[in-house]
2 protein chains.
Amino acid sequence: MPEYERLPQPATADIDLVTVLQALGDPVRMRLFTSYADGREHSCDPGHLGLDHLHKSTVSHHMRVMREAGLTTTRVAGRNRYVSLRRRDLDARFPGLLGALLASVSGDD
Amino acid sequence: MPEYERLPQPATADIDLVTVLQALGDPVRMRLFTSYADGREHSCDPGHLGLDHLHKSTVSHHMRVMREAGLTTTRVAGRNRYVSLRRRDLDARFPGLLGALLASVSGDD
DNA sequence: ACGTCTGTTTGACAATCATCCACCAATCCA
DNA sequence: TGGATTGGTGGATGATTGTCAAACAGACGT
């Protein structure tokens, strides 16, 4: 059994735009996305992100979708997983897209 | 019964980001989106957009999704419908987003 | 008026998806 | 070692979705 320091994720060149948009086309994942926009690492606890109403495994599912789409990276440390945005990779692959998305969701009121 | 010159579409202020991204999170609709990026009006004929493999009604369905998401506008003229991107409205609501998306899909090779 | 053309609507169907639940695995701590 | 913590896995389920086929509707042309 391999022990990951990072959970598996697509290479930068393999990140697909449609897949990324599909991942963001869900309210819960958009919420996670904007929470991750601070650039820091976040635990998987549903509570501290305003997702109390969702089951643990549901949040886990959404985080898997985002990771497999190439949006996030997950660092494994002990029993915790630290999720963060792949900002550098995404900016390299889709210049300006993340900025425009985050600006758009900010003005969405 | 009202006779539309335009098919019903959401007001600019009502365009929802997640709904837009969900609409673009499909290969067929992304294809339509990039085809519409020329700013011109397009008929609904599946053939002239490289969608021969899809049934008429399937294309009709995708165009409805895009229109209801606020991505496109449809002008009715006789038995034809002319679909075009709501570029001005989208740029007003989500500044920079369309440009970043179209730039991203261009470099997606 | 009749057939043709463009596009939509409705129904059906398989696939995917979001969610919950119960259980599990690994890690930490006392 | 034993319990608590963090998070994931697998199954079940109801909802949504992408697709096709057939029928329909309005507009045009002759």
Side-chain angles (χ1 to χ4, degrees), chain A residues 1-9 16 18-33 36 41-69 71-84, chain B residues 1-9 16 18-33 36 41-69 71-84:
Chain A
M1 300 306 222
E3 298 185 28
Y4 297 109
E5 165 156 334
R6 295 256 168 205
L7 294 187
Q9 64 184 33
D16 176 60
V18 172
T19 306
V20 165
L21 298 183
Q22 193 187 12
L24 292 177
D26 175 276
V28 172
R29 291 192 292 262
M30 178 57 78
R31 171 64 171 260
L32 291 172
F33 175 68
Y36 296 161
E41 292 186 316
H42 294 257
S43 87
C44 299
D45 177 33
H48 88 299
L49 289 176
L51 298 175
D52 306 23
H53 55 107
L54 289 180
H55 201 275
K56 275 187 311 173
S57 57
T58 302
V59 176
S60 182
H61 159 70
H62 285 301
M63 299 213 283
R64 186 217 289 253
V65 170
M66 295 183 75
R67 190 185 67 243
E68 292 180 345
L71 276 170
T72 58
T73 187
T74 301
R75 182 171 62 90
V76 178
R79 55 184 164 179
N80 296 313
R81 282 104 201 274
Y82 295 105
V83 181
S84 56
Chain B
M1 297 323 210
E3 298 184 29
Y4 297 110
E5 166 158 329
R6 298 259 167 199
L7 295 187
Q9 65 185 34
D16 176 60
V18 172
T19 306
V20 165
L21 298 183
Q22 192 187 15
L24 292 176
D26 175 277
V28 172
R29 291 192 293 263
M30 179 57 79
R31 171 64 171 260
L32 291 172
F33 175 68
Y36 296 161
E41 293 186 316
H42 294 257
S43 86
C44 299
D45 178 33
H48 89 300
L49 289 177
L51 298 174
D52 306 25
H53 56 109
L54 289 181
H55 200 274
K56 272 187 312 173
S57 57
T58 302
V59 176
S60 183
H61 159 70
H62 285 300
M63 300 214 281
R64 187 218 288 256
V65 170
M66 296 182 75
R67 190 186 66 244
E68 292 180 344
L71 275 169
T72 58
T73 186
T74 301
R75 183 171 62 90
V76 178
R79 54 184 165 179
N80 297 314
R81 281 102 199 274
Y82 295 105
V83 181
S84 55

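Just so we're on the same page: letters track the sequence lines, and every chain starts at 1.
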message: I want to check one thing: is the phosphate of C:dC17, taken as OP1 and OP2, less than 4.0 Å away from some side-chain N or O of A:H62?
response: no
query: Is the distance from OP1 or OP2 of D:dT16 to the nearest side-chain N or O of B:Q22 less than 4.0 Å?
result: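 No, no such contact exists.
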- prompt: Could you state the interatomic distance from CG (B:L51) to CG (B:L32), rounded to the nearest 0.5 Å?
  reply: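 Result: 5.5 Å between the selected atoms.
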Below 4.5 Å, heavy atoms only, C-beta onward: do [X] and [Y] meet side chain to side chain?
{"X": "A:C44", "Y": "A:V83", "value": "yes"}
{"X": "A:L71", "Y": "A:R29", "value": "no"}
{"X": "A:M63", "Y": "A:T72", "value": "no"}
{"X": "B:S43", "Y": "B:N80", "value": "no"}

query: With a non-hydrogen cut-off below 4.0 angstrom, is A:H61 in contact with a base, only sugar-phosphate, or nothing?
result: base
Rounded distance (Å) that lies between atom [atom2] of [N] and atom [atom1] of [X]:
{"X": "B:E68", "N": "D:dT17", "atom1": "CD", "atom2": "P", "value": "11 Å"}
{"X": "A:L24", "N": "C:dA18", "atom1": "CG", "atom2": "P", "value": "12 Å"}
{"X": "B:R67", "N": "C:dT9", "atom1": "CZ", "atom2": "C1'", "value": "12 Å"}
{"X": "B:Y82", "N": "C:dT8", "atom1": "OH", "atom2": "P", "value": "13 Å"}
{"X": "B:M63", "N": "D:dT19", "atom1": "CE", "atom2": "C1'", "value": "15 Å"}
{"X": "A:R64", "N": "C:dT19", "atom1": "CZ", "atom2": "P", "value": "15 Å"}
{"X": "B:R79", "N": "C:dG7", "atom1": "CZ", "atom2": "C1'", "value": "11 Å"}
{"X": "A:D45", "N": "D:dT5", "atom1": "CG", "atom2": "C1'", "value": "11 Å"}

- request: Please figure out whether A:R29 or A:G78 has its closest DNA chain C nucleotide nearer the 5' end.
  value: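 Closer to the 5' end of DNA chain C: A:R29.
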field: Nearest-nucleotide comparison on DNA chain C, the residue closer to the 5′ end among B:R81 and A:A77
entry: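 Looking at the nearest nucleotide for each, B:R81 comes out on the 5' side.
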Neighbours of DNA chain D within residues 51-60 of chain A, by heavy-atom distance under 4.0 Å: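 A:K56, A:S57, A:S60 - these, ordered by number, are the residues of the stretch whose heavy atoms sit under 4.0 Å from the strand.
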Within residues 43-61 of chain A or reaching into it, pairs that qualify as salt bridge (Lys or Arg N to Asp or Glu O under 4.0 Å) - sequence neighbours excluded: none
field: Check: A:E5 main-chain N/O paired with A:R75 side-chain donor or acceptor under 3.5 Å
entry: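 Such a contact is absent between A:R75 side chain and A:E5 backbone.
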task: Among the candidates C:dG7, D:dT19, D:dT6, find the nucleotide nearest to the side-chain atoms of A:N80.
output: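 Nucleotide nearest to A:N80's side chain: D:dT6.
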